[in-house]
Amino acid sequence: MAERVEIFDTTLRDGEQSPGASMDEHEKLQMAKQLDRLGVDIIEAGFPIASNQEFEAVRKVAKHVENSRVAALARALPADIERAAAALEPARRPVLHTFIATSDIHLEHKLRMTRQEVLDNAAKAVALAKNLVGRVEFSAEDATRSDWGFLVEVTKVAIEAGADVINLPDTVGYTTPGEIRGMFEHVIANVPGSDKVIFSSHNHNDLGLAVANALAAVQGGARQIECTVSGIGERAGNTSLEEVVMAMRTRQDVYDYDCGIDSLELVPSSSLLSKITGLTVPYNKPIVGRNAFAHESGIHQHGMIANRQTYEIMTPESVGRSRSELVLGKHSGRAGLANRSEELGYKLSEPELKTLYEKFIDLADKKKEVYDDDLRMLIVALHNESFEIYHLKDLRTSGNDPAMALVSLRKGEETFTDTAIGDGPVHAACNAIERIVGVSGRLERFDIRATTPGKDALGEAYVTVAFGEKTYKGNGASTDIIQAAVSAYLNAMNKYIALSDSFSPEQV
Ligand code: KIV
Ligand code: ZN
C-alpha cells in the first residue's frame with residue numbers, strides 16, 4: 001500500500017512573504033477555507049510576532065478552519081513562541097513551528113552564535129513550544145548548506161526536547177535531488193528515535209529544482225512536503241503544491257505515495273489566490289497555467305482527436321479545470337447563484353447574497369455568460385465594501401492628450417463631484433478623486449487583465465498605492481477597464497483612510 005505523505009501548505013506564510021502577495025486578515029481567511037477544501041493536512045497561517053494584524057489573521061484562520069491543522073511560525077525565542085501559541089489558541093489542531101539556522105554562514109553572520117548556543121536555543125525553544133501546544137515542528141533553517149554531522153546533533157536535541165516534526169529546509173534553493181535525498185537518508189539513519197517523528201522537506205525554487213528536490217527528499221525518507229499554491233514564495237518561490245501533488249499522482253509507478261489532496265480543487269485554489277493577490281500565473285505554468293492543457297500545433301491537435309493520451313499525461317478535468325468553466329446566465333436566478341457560490345466554497349450571509357445578486361445581474365446584463373472566475377472576482381470584490389468610505393457613483397472621461405475626467409463620489413448621504421485632467425483617462429480620474437478626498441497617493445503597481453475569455457470579459461485591475469510610508473493594495477472589476485482601474489485606486493485609498501491612524505485630509 002502506498003505510504004502517506006502529508007501536505008503542509010505555507011501559501012499564507014512563506015507565500016505571503018513574496019512581493020505583491022500580502023493578504024489582509026479577511027483575504028487570508030478566504031484562502032484558508034479554500035486550502036481546507038483542497039485537503040491540505042496543515043495550513044501555515046502566518047508569523048504572529050510580525051504585527052498585530054498578522055496575529056489577528058492567524059487567530060482568525062485558527063478559529064475558522066475545520067479540518068486541516070493550523071500552524072504558526074516562531075523564531076526560537078520565548079516571545080515569538082508565546083505569541084504564536086496565543087494566536088493558535090482557538091485552533092482545533094494547532095502546530096507550533098519554531099526554527100533556528102544551522103549553517104555556519106548563518107551562525108557566523110546572522111545569529112553570531114556558536115554551534116553549542118544553537119543547540120541550547122533549539123532545545124529550549126522546542127521544550128517551551130511543546131509545553132504550550134500539542135504538536136511542534138522544528139526547522140533547521142538553511143539545512144542543505146549545513147554540516148550533516150551538526151544536522152544530526154540538532155535533530156537529536158530537538159527530538160529529545162519533544163519535537164514531533166523535523167523540517168530540513170533548502171532555504172536558499174541551492175541543493176540538488178541527489179544531494180537532498182542523501183541528506184535525509186543520512187540524518188534519519190544517524191538520529192536515534194528518528195522513526196518516532198515525521199521528517200519534512202521545505203524547498204525554494206532559486207534553481208528551478210524545488211519540486212524535484214521535494215520528491216527526492218520523500219524518496220530519502222521525508223513524509224511531509226511544504227509547498228505553496230502556484231509556487232509563490234520568497235524570491236523564486238517555493239515548491240509548487242499542484243506540481244508536486246500531480247507528479248505523485250501521475251507517476252505513482254515511481255512515487256508510490258498518497259496524499260489527501262482533492263485534485264479537483266487545484267485550479268480553483270490557484271485561481272482564487274490570483275484573484276486575491278493580483279499575481280498572474282504564467283501561461284505556461286504546469287497544471288494551473290492557461291496553456292497547460294492547450295494544444296496548438298496541427299500534429300498535436302490531430303493526435304488529440306485520435307486519442308487524448310497521445311499528448312496528454314493527465315486530464316484537465318482531473319485538476320479541476322472543467323469546473324472553473326461552468327457558466328451562469330441572467331436566468332440562473334438567486335437560488336442558482338447561491339448554489340454555485342456554495343459549490344465554490346462561499347457561505348454567504350443573506351445581505352451578502354443580496355449585494356452579490358445585484359452585482360451578478362448587473363454583470364449578466366453586460367455579458368451573457370458569467371463564469372466561475374467572474375463569480376469569484378465578484379465575491380472577492382464584496383470584501384472591498386467593508387472598507388468603502390467613498391463609493392464611486394459616476395465616472396466620465398474624454399479625450400487623451402490631456403484627458404479629462406469627471407468623478408462623483410458618495411460618502412454617506414453626501415455626494416462630491418470634481419473634474420481633473422491627466423495624461424490618460426485613468427490618471428485624470430485618479431486626480432479628480434484626490435481633489436475630492438484631499439489625499440494624494442503614488443501608484444507603485446498597476447496590473448490589468450481579463451478574468452475570462454471573450455470581448456465582453458470582466459476586466460480586473462490591481463494596484464498598489466503608497467500613501468506616505470505605507471502602501472495599500474486595491475482591486476476593482478468591471479466590464480469597462482477604465483472603471484475597473486479607477487475602482488481599484490479608490491479601493492486602495494479607502495483602505496488607507498479606514499486603516500491608517502495618520503490620515504488627515506490636508507495631506508494633498
Ligand atoms: O525557507 C526556510 O527555511 C523557511 C523556514 C522558516 C522553514 O521558510
Ligand atoms: Zn521558506
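Along the sequence shown, residues are numbered consecutively beginning with 1. Note that the structure is predicted; figures quoted are calculated from it, not measured. Order of listing sets the numbers, starting from 1, for every ligand and every atom in it. Heavy atoms only: backbone and side chains are in, while hydrogens, waters and symmetry mates are out.
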Pairs flagged by ring-ring contact (aromatic ring centres under 6.0 Å, His included) wherever residues 100-145 is involved - sequence neighbours left out: none
Ionic contact status for D142 with R145, cut-off 4.0 Å: yes
Expected output: side-chain R4 to main-chain C259 donor-acceptor under 3.5 Å: no
Counting only pairs under 3.5 Å, give me each side-chain donor-acceptor contact of residues 155-162, with atom names and distances, residues two or more places apart or in other chains.
unit_1	atom_1	unit_2	atom_2	d
T155	OG1	L151	O	2.7

Basic-acidic side-chain contact under 4.0 Å: R69, D41: no
Atoms of type N/O/S from protein, distance to the Zn ion (ligand 2) below 2.8 Å: 3
Geometric class of the F199/F184 ring pair [parallel <30°, tilted 30-60°, perpendicular >60°]: perpendicular
Note: R449-D447 ion pair, threshold 4.0 Å (strictly below): no
Cation over ring face, R442 and F467, 6.0 Å, 45°: no
Residues in the immediate environment of ligand 1 (any heavy atom closer than 4.0 angstrom): R13, D14, H97, F99, S139, E141, N167, P169, T171, H202, H204
Where L168 and A140 come nearest, the two heavy atoms and their spacing: CD2-CB, 4.3 Å
